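Note that the structure is a prediction, hence the values are computed from the model and not measured. Residue numbers count from 1 along this sequence.
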Amino acid sequence: MNISIDRVREGVFALNRRLGRFREVVWLVGDGRSGTSWLSSAIRTAAGFRTVFEPFHPEYVPLLRSYRPLPYVQPMAEDNRLTAFAAEVFSGRFALPRADVGNRRLRYNGLLIKDVLAHLFLAWADVQFPAVKKVLLLRHPFAVALSKKRLYRSDCVWTAEPTELLKHAALMEDHLAPFEDVIHDARGFFENQIVLWAVAHYVPFRQLTLDRIHLAFYEDLCADPVESTNNVLDAVGLPRILRKREEAIRKALRQPGSVSGASRGNRDLIGWWRNELNRQEIDRGIAILDRFGLADVYNDDLLPDHLAAMRLVGAPPV
């Protein structure tokens, strides 16, 4: 009798769930090209978690297709279908070959959900599933925009026009009405991506507080992968990396992400974008960030201002 690998894997997941090994749930959310694949790989290596790859991606989940490009759900909204689906994901019942790439263990110590388009319903999920520990990974928006441009596909959700956000009545009323002009005025791929990055971070920064979400930074991951991974593990209450596993973490962070399309090589991972933007483009990007009150986190400096970012979380709107 032939039994598919996927069926065997689903059986392993079901057994782990029945044995209570998916009680620890961490949700890692970051923009595309922000290093979520690398950080999730490091956490999986350190903690022995099952990693679920982008289960809330609107290109692959029919339930979320009507929410493109950035699904928004108000924190107190009742959405029975989304609640039922999220319960499947956060309980470990959800399984899909695309989402479970790389999960080959027989025993797991927890569940790590990795998403790139879930920023605008983080607060909703926090209300519905408060036990889920949330990590928001940030990367310089200029690097994110240009990294996405390198992997451009005409059918990719990254190509979405920011003006699509204007069609979300609740999102406009709750958050974006003051920024309708800057959303309309964005021109070209680079500016579009800066606007989308700004919206994706402005909304959860307004809705959540630091006791409900941990901020992590791609640049820290590049500078010291072990210590930055340990900081995330500390924040979500998991044991630090065992010394014997530190080199495995460094090796994992030297590998390209599963959707990166290119080796990291030896190029400057943090500041490479400076050579690909002119002064006018940089100034325009900073102006967009400034409109959203986010310019102090990342401007044309290479490294983030951690304190500035933390001051924005849970702060009144600009």
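Cation-pi contact between R50 and F13: present, with separation from the ring centre below 6.0 Å and deviation from the ring axis of at most 45°.
Note on L112: it does not cluster hydrophobically with L19, by side-chain heavy-atom contacts below 4.5 Å among ILVMFWY residues. One hydrophobic cluster, built from ILVMFWY side chains closer than 4.5 Å, cannot hold both L39 and L242; they sit in different ones. L15 is not connected to F94 by any chain of hydrophobic side-chain contacts under 4.5 Å among Ile, Leu, Val, Met, Phe, Trp and Tyr, and they are in different clusters. There is no path of hydrophobic side-chain contacts, each under 4.5 Å, that joins V73 to M76.
Interatomic distance, CG of N231 versus CG of D220, reported as 7.5 Å (0.5 Å rounding). Atom CD of residue E191 and atom CG of residue D185 lie 9.0 Å apart, to the nearest 0.5 angstrom. Here the CG-CD distance, from L166 to E161, works out to 10.5 Å after rounding to the nearest 0.5 Å. To the nearest 0.5 angstrom, L171 atom CG is 6.0 Å from L120 atom CG. Here D283 contributes atom CG and I288 contributes atom CD1; the two are 11.5 Å apart, rounded to the nearest 0.5 Å. Atom CG of L146 sits about 4.5 Å away from atom CG of L277, to the nearest 0.5 Å.
For R17 (side chain) and F22 (main-chain N/O), no donor-acceptor pair under 3.5 Å exists by modelled atom type. The backbone N or O of A47 lies less than 3.5 Å from a partner atom in the side chain of N109, making a donor-acceptor pair. In this structure, H140 contributes its side chain and D301 its backbone to a donor-acceptor pair below 3.5 Å. Between the T83 side chain and the D79 main chain, a donor and an acceptor come within less than 3.5 Å of each other. Judged by distance alone, with hydrogens and angles left aside, the side-chain atoms of R291 form a donor-acceptor pair with the main-chain N or O of P178 at under 3.5 Å. Between the side chain of R44 and the main chain of F49, no donor-acceptor pair closer than 3.5 Å is present.
Minimum heavy-atom separation, W38 to L221: CB-CD2, 4.4 Å. Here the closest non-hydrogen pair linking Y218 and R139 is CE2-NE, 3.3 Å. When all heavy atoms are compared, the tightest approach of D100 to T51 is OD1-O, 4.0 Å. Nearest approach of G314 to T209, heavy atoms of both residues: CA-CG2, 4.3 Å. Considering all non-hydrogen atoms of both residues, N192 and R187 come closest at OD1-N, 4.3 Å. Between I282 and F142 the shortest heavy-atom distance is O-CZ, 3.7 Å.
Side-chain contact check for F90 versus I113: some heavy-atom pair is nearer than 4.5 Å. Between V116 and S34, the closest side-chain pair of non-hydrogen atoms is not below 4.5 Å. Residues H57 and L117 form a side-chain contact, since some pair of their non-hydrogen atoms from C-beta on lies under 4.5 Å apart. For the pair L289/W197, a side-chain contact is recorded, criterion being any heavy-atom separation below 4.5 Å from C-beta on. The shortest side-chain heavy-atom distance between Q207 and P75 falls under the 4.5 Å cut-off. Between L302 and R274, some side-chain heavy-atom pair lies under the 4.5 Å cut-off. Residues D305 and F217 have side chains not in contact (no heavy-atom distance under 4.5 Å, counting atoms from C-beta outward). Residues F85 and R81 are not in side-chain contact: their nearest non-hydrogen atoms beyond the backbone lie 4.5 Å or more apart.
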- Given the rule in the side-chain contact (heavy atoms from CB on, under 4.5 Å) test, do V29 and L137 qualify, once you have shown the distances and angles that lead to the verdict? CA-CA 6 Å; V29 175; L137 180 63; over 6 Å; no
- Query: After noting the C-alpha distance and the side-chain angles of L165 and L176, does the key distance pass the side-chain contact (heavy atoms from CB on, under 4.5 Å) rule?
  - Reply: CA-CA 9 Å; L165 298 170; L176 299 188; 4.1 Å; yes
- Are Q74 and E173 close enough, and set up right, to give a side-chain contact (heavy atoms from CB on, under 4.5 Å), and what steps lead you there? CA-CA 11 Å; Q74 293 172 306; E173 181 178 352; 5.9 Å; no
- Would E10 and R93 count as a salt bridge (charged side-chain N to carboxylate O under 4.0 Å, His left out) if you check the C-alpha gap in whole Å, the side-chain angles of each, and the deciding distance to 0.1 Å? CA-CA 9 Å; E10 288 176 14; R93 291 193 298 271; over 6 Å; no
- Item | Residue pair K149, F190: steps toward the side-chain contact (heavy atoms from CB on, under 4.5 Å) verdict | CA-CA 8 Å; K149 189 174 182 179; F190 175 73; over 6 Å; no
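S147 and R33 form a side-chain donor-acceptor contact under 3.5 Å, judged by distance and modelled atom types alone. For the residue pair D31 and H201, no side-chain donor N or O sits within less than 3.5 Å of a side-chain acceptor on the partner. With no hydrogens or angles considered, a side-chain donor-acceptor pair links Y298 and E219 at under 3.5 Å.
With salt bridges taken as basic N to acidic carboxylate O contacts below 4.0 Å, one links R150 and E276. With salt bridges taken as basic N to acidic carboxylate O contacts below 4.0 Å, none links D296 and R311. No salt bridge links E281 with R284; every basic N to acidic carboxylate O contact stays at or beyond 4.0 Å.
Other residues, nucleotides and ligands contribute only 12 or fewer heavy atoms inside 6.0 Å of the CD atom of Q280. In the displayed structure, R104 atom CZ is contacted under 6.0 Å by at most 12 heavy atoms of other residues, nucleotides or ligands. Counting heavy-atom neighbours within 6.0 Å of R23 CZ, excluding the residue itself, gives a total of 12 or less.
Classified by interplanar angle (parallel below 30°, tilted 30° to 60°, perpendicular above 60°), the ring pair W27/F121 is tilted.
With sequence neighbours left out, Y108 forms a side chain to side chain donor-acceptor pair (under 3.5 Å) with no residue at all.
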Which side-chain N or O atoms in residues 126-133 pair as donor and acceptor under 3.5 Å with protein atoms at least two apart or in another chain?
from: D126; atom 1: OD1; to: K134; atom 2: NZ; distance (Å): 2.6
from: D126; atom 1: OD1; to: R212; atom 2: NE; distance (Å): 3.1
from: D126; atom 1: OD1; to: R212; atom 2: NH2; distance (Å): 2.8
from: D126; atom 1: OD2; to: R212; atom 2: NE; distance (Å): 3.2
from: K133; atom 1: NZ; to: E24; atom 2: OE1; distance (Å): 3.0
from: K133; atom 1: NZ; to: V236; atom 2: O; distance (Å): 2.7

